[in-house]
Amino acid sequence: MAEAAREMALFDRPHRPHRPRLAAGTPVRESGAAPSSAATYNVQPPCDRSTKSPSMPDLLANLNPEQHAAVTLPDEPALILAGAGSGKTRVLTTRIAWLIQTGQVSPNGILAVTFTNKAAKEMVARLQAMMPINTRGMWIGTFHGLCNRMLRAHYRDAALPQTFQILDMADQLSAVKRLMKALNVDDEKYPPKSVVNFINNAKEQGLRPQQVEATDSFNRKLVELYEAYDAQCQREGVVDFAELLLRCYELLSMSAPLRAHYQARFRHILVDEFQDTNRLQYAWLKMLAGTQAAVFAVGDDDQSIYAFRGANVGNMADFEREFRVQHLIKLEQNYRSHGHILDSANTLIANNARRLGKNLRTDAGHGEPVRVYEAATDTQEANFIVEEIRALINQGHARSEMAVLYRSNAQSRVIEHTLVGAGLPYRVYGGLRFFERQEVKHALAYLRLIDNPNDDTAFVRVVNFPTRGIGARSLEQLADVARLHNCSMAAAVPYTTGKAGSSLGAFSRLIDRMRAETLPLSLPETVDYVIRESGLVAHYETEREGEDRLENLQELINAAAAFVGEEGYGLNAPARVIAMAPNASRALEIDADGLQVVDADAPVADSMTPLAGFLSHASLEAGDNQAQAGQDAVQLMTIHAAKGLEFTAVFITGLEEGLFPHENSALEQDGLEEERRLMYVAITRAKERLYLSFTQSRMLHGQTRYNVRSRFFDELPPESLKWLTPKTEPGARWGGRSDNAGWGRDWFGRSGGERSDDGGRGESGRRGADEAYTGNTPLPAYADKQRAADTGFKVGQAVFHTKFGEGTITALEGTGGDARAQVNFRRNGQKWLALSIAKLQPIED
DNA sequence: CTACCAGTCCTTTTT
DNA sequence: GGACTGGTAG
């Protein structure tokens, strides 16, 4: 990161001058541009000669042999195993620069895909620093951004309205809730969140409702909901995140000409963080690659920490096999961490089975040992951290070079509290993002209704905000009418009568008026107009704590202005250049090689409006989630959020059994291995100094929990550790309390596939003394609660689990808080679940 | 229809 | 400990 910043600063260009406008009447227009905006067709941006780009030989000379080999690989599929801190992004970007500058491919032949907007932006920035060329011709973006781009260009083939809008997670959940209400579905038996999960899961497997096999009534209902949900989305002209990918995949698989066009176009496909791809993303890549494209996949199986959201590390092995990869290159030279830190990471991760195999090395010396601290309480742990941070600051380290990492967000509170007490500025990652704030979402909902009145999610959101006397009952009636006429709620308004009808009518007229009045306005003017006319500004002016919200609404105008100012509307915009020959009625895609017919029917007037572009930008790029960026502040974040970042000093906190590794990970297939990878990611964030801390007791969910230090300590090289507190033998400290052994849940003993040799044990027999506390030890109060929840399950019973879906109990054992059930899940296979943890619901069939 | 209180549920998360 | 949801009183 820091390296990137330096490079960017070195090659930073002055602000790019505006492009010249074409003469009036030029029959060329950019898709996504406002009718009045400049066309970009064949106008190269003025090249700024005042800054020098490094020459290609210089760029290559800066690479180590492995990096060099990767960058200059021949035109064939390749898999790059890039360890943490091994210069992965540099290899990716230099590869692109090398391909282009050696004339092997034109920028138009490049497609590079990432997971986050941040990564995509960084790639673009680095490329611009390396090459004086226009990056517009390349397709660089996130999976979702690129799919959006393609769907916008071919919305007709994809059977979408031109102004289709994108549901974010919250929108999707509310759409499902609305649907379930309309269909009178019991939300106890079918929690909306799990219905959403089911739908997204299916889509990420590439399955439409007809293709999901439903063997029983429970699953049949879910499939039914999935089908109704898809129909609802189609009627409303909206797509969710998974739909963007699936629809794009289907578009390519159904349309031979489009498929041929894009397969011929993209000669080189580069994939970042390949280990995080899911099945659908892999299928999409494969489809796009066809038989000719050279796919350059960069990933690290040891940093795969997103299996819980569908990432499939197996894609790496599949890729190697299916693409007949001849070039597998390992980047093992680490440029980030000192020796003891790296040794710790290597030793820990060696405990995982089924790795592709990789060992990081460094030229830096051993450096300082890894410091380990045991605290009595979470407060004491926080105090220790703050003291160390203070000392580091006194030694001249910047606050922003220090990070406190934790497994779960709940842990940040104590640390924040202590930092506040010490007067140390800090920054917590992972809060609400800009476009997710309620006032911003309200404003966006009005904008969405202007663009697409059928968007019921937006309609429901603001029809009574600010309050207009339209309550739940009126809306229920309206929804019924809409269902009856199979139309949107907005379209159903004229059918309503009475008092509710007149309020609704007034709302309808408000939206219509906004649509008409904003037609001639620019995007920022439109936003400005809408936040006033909707009554949002007035509403927040009267609200006590409304000042921040007003500020955010103002900021939304600025965001709109920035958006239209950005060349080509940024990464998520549809960037296909649609042009029309004079007097012709056909739209063409302009390629480096000339003009090609892409959509024979799309008239030029069909270019996307800035508003639609801004709305998809808002959904796809929810914005910064870090408070007061730019300040020199201590960084607080979850380990997941820390992936890809680096800091001089890192504190990994809460290293306790049950917390990290998290107890729930025992429920998941290969859960412990993923926790270990998470620990690996955490360790490799540190450059010079690493602290590991754990506590004997910790307040969690309002109750004190007594924890045992994490098993990960036993998986680290002792010679690299420096215990700041005496290292106690596990269990020794607890000798006096061994009567509680029965409550120590051996919750990892069952995780199949792990190395643990006691995997199959756990009968009634007593556990060995040193095993008794491998689990956490709940307080009596907690234990009572568990005991009280006596199972009530029986073997053969059908049950439902929010994460794993439906299954049948195949075995039961233990009692009270120790009770466990073996469940055979239809979709997820056999699992042992601790009944005190898993929320199993009985299903009557 | 709204406002307020009590009961519930608590990993990780990008798009 | 706290955010969110649902129910009930006004």
Side-chain angles (χ1 to χ4, degrees), chain A residues 113-120 141-148 166-173 177 187-188 191-193 197 200 203-204 239-245 248 273 276-278 280-281 304-311 378 405-414 416-417 429-430 432-433 435-436 464-475 499-500 503 571-572 616-623 625 637-644 654 658-668 671 674-675 677-679 681-682 698-704 802-803 837 839:
Chain A
V113 61
T114 64
F115 275 86
T116 64
N117 290 296
K118 195 176 155 199
T142 63
F143 280 98
H144 296 83
L146 296 180
C147 287
N148 179 45
I166 301 165
L167 302 182
D168 67 15
M169 257 178 0
D171 293 333
Q172 187 188 22
L173 183 63
K177 281 182 180 166
D187 58 2
E188 299 267 298
K193 275 210 186 80
N197 259 346
N200 291 342
K203 288 188 179 182
E204 279 164 15
V239 297
D240 57 49
F241 286 136
E243 183 73 24
L244 276 175
L245 280 156
C248 187
E273 306 275 17
D276 288 338
T277 50
N278 64 31
L280 179 55
Q281 286 158 340
S304 162
I305 55 173
Y306 287 111
F308 71 91
R309 68 177 195 210
D378 45 1
L405 309 184
Y406 34 80
R407 174 69 239 265
S408 65
N409 286 303
Q411 289 166 248
S412 76
R413 239 193 63 254
V414 186
E416 285 187 65
H417 186 82
Y429 284 68
L432 254 200
R433 295 144 114 231
F435 287 109
E436 289 168 358
N464 198 35
F465 193 96
T467 51
R468 302 185 174 89
I470 300 167
R473 205 169 47 239
S474 313
L475 278 185
K499 198 165 130 254
S503 315
L571 292 169
N572 287 323
S616 54
H617 166 78
S619 299
L620 290 174
E621 200 172 340
N625 60 4
M637 66 193 85
T638 63
I639 297 162
H640 284 91
K643 190 173 165 209
L659 242 194
F660 193 18
H662 196 277
E663 53 193 346
N664 286 5
S665 65
L667 305 175
E668 274 146 40
E674 178 140 327
E675 294 290 303
R677 290 192 291 268
L678 200 49
M679 181 65 182
V681 167
R698 164 183 308 275
M699 193 70 156
L700 203 65
H701 308 321
Q703 269 181 320
T704 309
T802 38
K803 224 175 241 150
I837 300 170
K839 295 157 298 178

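Residue numbering restarts at 1 for every chain, and letters A, B, ... go by the order of the sequence lines. Atoms considered below: every heavy atom in the structure, side chains included; atoms not considered: hydrogens, waters and symmetry mates.
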Answer whether the closest heavy-atom distance between the side chains of [X] and [Y] falls below 4.5 Å.
{"X": "A:L405", "Y": "A:M637", "answer": "yes"}
{"X": "A:L244", "Y": "A:I166", "answer": "yes"}
{"X": "A:H640", "Y": "A:L678", "answer": "yes"}

Looking at every strand, decide which applies to [X] at a 4.0 Å heavy-atom threshold: base, sugar-phosphate, or nothing.
{"X": "A:I166", "answer": "nothing"}
{"X": "A:A622", "answer": "nothing"}
{"X": "A:Y306", "answer": "sugar-phosphate"}
{"X": "A:T467", "answer": "sugar-phosphate"}

Spacing of [X] atom [atom1] relative to [N] atom [atom2], expressed in whole Å:
{"X": "A:L173", "N": "B:dT13", "atom1": "CG", "atom2": "P", "value": "18 Å"}
{"X": "A:E674", "N": "B:dT13", "atom1": "CD", "atom2": "P", "value": "12 Å"}
{"X": "A:K193", "N": "B:dT11", "atom1": "NZ", "atom2": "P", "value": "11 Å"}
{"X": "A:D168", "N": "B:dT14", "atom1": "CG", "atom2": "P", "value": "13 Å"}
{"X": "A:D240", "N": "B:dT13", "atom1": "CG", "atom2": "P", "value": "21 Å"}
{"X": "A:R468", "N": "B:dT2", "atom1": "CZ", "atom2": "C1'", "value": "16 Å"}
{"X": "A:L167", "N": "B:dT15", "atom1": "CG", "atom2": "C1'", "value": "12 Å"}
{"X": "A:N197", "N": "B:dT14", "atom1": "CG", "atom2": "P", "value": "16 Å"}

Pick the C1' atom in B:dT11 and in C:dG6, then give their distance to the nearest Å.
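Rounded to whole Å, the distance is 25 Å.
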Which whole number of Å gives the distance between the C1' atom of B:dT12 and that of C:dT5?
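Comparing C1' positions in B:dT12 and C:dT5 gives a spacing of 23 Å.
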Protein-nucleotides 1-6 of chain C N/O pairs under 3.5 Å:
unit_1, atom_1, unit_2, atom_2, d
C:dG1, O6, A:H701, O, 3.1

The residue, A:N464 or A:M169, whose nearest nucleotide of DNA chain B is more 5′ is A:N464
DNA chain B: 5'-proximal contact among A:R473 and A:H640 (nearest heavy atom)
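Its nearest nucleotide lies further toward 5', so the answer is A:R473.
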For [X] and [N], is the shortest distance between a side-chain N/O and OP1 or OP2 below 4.0 Å?
{"X": "A:N409", "N": "B:dT12", "result": "yes"}
{"X": "A:T638", "N": "B:dT13", "result": "yes"}
{"X": "A:R433", "N": "B:dT15", "result": "yes"}
{"X": "A:S474", "N": "B:dC1", "result": "yes"}

Side chain of [X]: nearest nucleotide among [options]?
{"X": "A:N117", "options": "B:dT13, B:dT2, B:dT15", "value": "B:dT15"}
{"X": "A:S408", "options": "B:dT11, B:dT15, B:dT13", "value": "B:dT11"}
{"X": "A:E668", "options": "B:dT11, B:dT14, B:dT15", "value": "B:dT11"}

Residues which pass side chain to side chain contact (heavy atoms under 4.5 Å, CB included) with A:N278, listed by chain and number, not counting sequence neighbours
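Residues passing side chain to side chain contact (heavy atoms under 4.5 Å, CB included) with A:N278: A:E204, A:L280, A:Q281.
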Donor-acceptor under 3.5 Å (A:T114 side chain, A:A119 main chain)
no
Taking A:E273 for its side chain and A:F115 for its backbone only, find out whether a donor-acceptor pair lies under 3.5 Å.
no
State the syn/anti category of B:dT12 according to its glycosidic angle, syn meaning within 90° of 0.
anti
Short N-O contact, A:K643 and A:D276, less than 4.0 angstrom:
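Salt bridge between A:K643 and A:D276, a charged N being under 4.0 Å from a carboxylate O: yes.
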With centres under 5.5 Å and planes under 30° as the test, does A:H662 stack with B:dT11?
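Aromatic stack with B:dT11 present for A:H662.
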Between A:F308 and B:dT12, do the rings stack, that is, sit under 5.5 Å apart with planes less than 30° off each other?
yes
Modelled atom types, side-chain donor and acceptor of A:E668 and A:S665, under 3.5 Å:
no
What's the shortest heavy-atom distance between A:I305 and A:R677, and which atoms?
CG2-C, 4.0 Å
